[in-house]
Amino acid sequence: MRYLDVGPAPEISAPEISAQKISAIGLGTWQFGSKEWGYGTPYAEREARAIVRRAIELGVTLFDTAEIYGLGRSERILGQAISGRREDVFLATKLLPVMPVPAVVQQRAVASANRLGVSRLDLYQVHQPNPVVPDTVIMRGMRTLQRIGLVGEVGVSNYPLARWKAAEEALGSRVLSNQVRFSLAAPGPADDLVPYAERTGHVVIAYSPLAQGFLSGRYDGSNRPRNRVRSFNALFLPVNQERAAGLLRVLREVADAHDAGFSQVALAWLIRSPAVVAIPGASSVAQLESNVAAAEIDLTDDEWQALRDAAVRFRPATGPATLPRLLRARMARVPKTRQSRETRQSRETRQSQETRQSRAGQPGEQSGDEG
């Protein structure tokens with residue numbers, strides 16, 4: 001694993017807080033407890049904990065969540081999973097800036113810390129720019145949280161460069177990080193945010209670094225994802241699969257050269273910058289292990305540039321114009337989904353009837369000799 005060494009914020013003088021290592025590959029936990037991903041209760045209750053524990057074993061230190069993920073469930077699940085390993089974790093969460101006056105900012109930080117079961121948040125981020133409340137107001141609350149020791153570093157998310165700088169000026173000290181959508185399918189931050197972070201010692205946190213699986217090579221026009229989050233992502237429309245052919249071809253060539261997967265190369269491209277860390281999610285321990293292995297891939301200058309050029313050439317169809325296509329694609333799957341649900345319900349009904357018959361001493365469809 002590779003790490004970014006980040007010293008404590010200049011305004012923090014507590015001697016017990018030393019330089020912290022932030023892993024180049026972290027773990028995003030939006031899917032923990034969020035129904036829209038469709039992973040279900042067993043994932044939230046068992047698999048998520050196993051993923052976090054294995055991540056710590058592999059040297060992952062950066063774990064990112066938010067109060068809005070699963071309406072607090074993600075924080076609770078993550079907090080339970082890191083119990084007993086707090087010293088091994090750089091813990092980041094996010095404030096949804098609804099009425100973010102100083103008192104509310106402070107109350108919400110306390111609530112997040114309680115859900116996580118910790119006494120300090122290593123990184124507390126403003127989830128979105130508030131279009132009405134200026135950062136001069138929000139950062140007053142953040143300053144207080146740092147002063148009392150509840151928050152280590154302050155970060156922002158989805159901020160353009162100018163507002164990131166303005167937020168730092170409002171705080172009066174560094175705003176360490178900016179968490180943004182950043183991938184080979186959305187390479188924009190490489191133009192301004194990343195060069196700024198490299199020059200100034202800041203950090204860009206790449207969320208959706210695999211474009212929700214679009215860069216994995218698993219999907220095509222005839223095989224679209226089924227969960228709600230991805231099914232409403234225009235990237236998975238057939239038109240964008242066709243437009244991405246050049247990018248996926250270069251990904252395949254580089255992956256073959258390194259005996260690696262598409263996703264691993266896409267992550268390696270991001271974290272080649274010393275100012276960038278990526279926080280892919282994981283649906284299983286195996287997927288986590290694959291993501292972490294990306295930190296060991298060293299791309300050549302030519303490979304990195306070839307991927308960058310292919311990413312810039314990829315111009316996906318986006319915006320309101322794609323909405324009719326998304327709705328048509330969604331509706332086309334409704335009969336299949338209904339048929340699958342009806343088949344499942346029929347099977348469950350039949351099994352229930354067989355169970356009642358068995359309890360009543362009546363023969364079911366199976367022979368009693370097979371019991």
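His127 has its side chain out of reach of Glu67: every pair of non-hydrogen atoms, C-beta onward, lies at least 4.5 Å apart. Between Tyr124 and Glu153, every side-chain heavy-atom pair lies at or beyond the 4.5 Å cut-off. Taking 4.5 Å as the limit, some side-chain heavy atom of Leu116 sits within range of a side-chain heavy atom of Leu121. In this structure, the side chains of Leu193 and Phe182 stay at 4.5 Å or more apart for every pair of heavy atoms.
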Side-chain donor/acceptor pairs under 3.5 Å, residues 251-258, sequence neighbours excluded:
unit_1 : atom_1 : unit_2 : atom_2 : d
His258 : NE2    : Glu303 : OE1    : 2.8
His258 : NE2    : Glu303 : OE2    : 3.1

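Residues Val118 and Val110 share a hydrophobic cluster, clusters being chains of Ile/Leu/Val/Met/Phe/Trp/Tyr side chains in contact below 4.5 Å. Under the 4.5 Å side-chain heavy-atom criterion for ILVMFWY residues, a single connected hydrophobic cluster contains both Ile138 and Ile148.
One side chain, Glu75 or Ser112, offers a donor N or O that lies under 3.5 Å from an acceptor on the other. At a cut-off of 3.5 Å, with distance as the only test, no side-chain donor of Asn178 or Tyr196 sits close to an acceptor on the other residue. A side-chain donor-acceptor contact under 3.5 Å links Gln305 and Asp309.
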Evaluation steps, side-chain hydrogen bond (donor to acceptor under 3.5 Å, both in side chains), between Gln31 and Ser283: CA-CA 8 Å; Gln31 69 275 22; Ser283 60; over 6 Å; no

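With Val154 as reference, Met142 is the one residue of Met142, Arg174, Arg143 to meet the side chain to side chain contact (heavy atoms under 4.5 Å, CB included) rule.
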